[in-house]
Amino acid sequence: MQTLSLSPLPYDYQALAPWMSETVLKLHHDKHHQAYVDGANKVQSQLAEARTSGAELDYKALAKEFSFHMNGHILHELLWSTLRAANDNNQPSGEMLLAINSSFGSYQRFVEEFNKTAISVEGSGWALVYVNPLDKSLMIGQVEKHNLNGLAGCTVIMALDVWEHAYYLDYQNLRAKFVEGYWNHVNWDKVEQLLNASK
Ligand code: MN
């Protein structure tokens, strides 16, 4: 596997404020996300070294470690790329709106289900929107940490991080306020691209 690297943000550190402050975005991207990249690379280099040295490794532990860090990296890349500066009346249109209406009945219902899913994550985790590979419908899911309770083979097209590192400095314990503010920053053009690419 190639060495992973952290992608630069597609906007500056102030772009998401006040929803996500410059301080939080900087820490979250440069420190937390970087740590997942480093963690995934470390597992891969241990595996690669053992292929030449013949060293005995704990493959079960390494697989678990890799799942955590690799999913952390992938979900954070998705998070940053599907956000943008706040827009007035920031709502989906086109194919994405059609998919939401057909899967959830309305945009409003979709937002309600997603918010409740995000707010109810126990401890650290994410709320995700998946494309179901079997019928191309949209599904909302929750993962604990970065990798538990995920749906295999489904394409993630939206991901909201509700680990405390994502919001605690800006909102303290008020996760629901952070989740509500997310909708002003969703980059629907990018989400629709991901939806279309998954078909
Ligand atoms: Mn995070």
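Please read all numbers here as calculations on a predicted model, not as lab measurements. Each ligand, and each atom within it, is numbered from 1 in the order the structure gives.
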Which atom pair, heavy atoms only, marks the closest approach of V186 to V191? CG1-CG2, 4.0 Å
Between the Mn ion (ligand 1) and D161, which N, O or S atom of the residue is the nearest one? OD2
Contact check: H28 to the Mn ion (ligand 1), N/O/S below 2.8 Å: yes
Quick one: do K177 and E180 make a salt bridge, cutoff under 4.0 Å? no
Would you say the side-chain atoms of H33 and W80 include a donor-acceptor pair closer than 3.5 Å? yes
Short check: any N/O/S atom of H33 below 2.8 Å from the Mn ion (ligand 1)? no
Could you report the tightest heavy-atom contact between D170 and W19, atom names first, then the distance? OD2-O, 3.9 Å
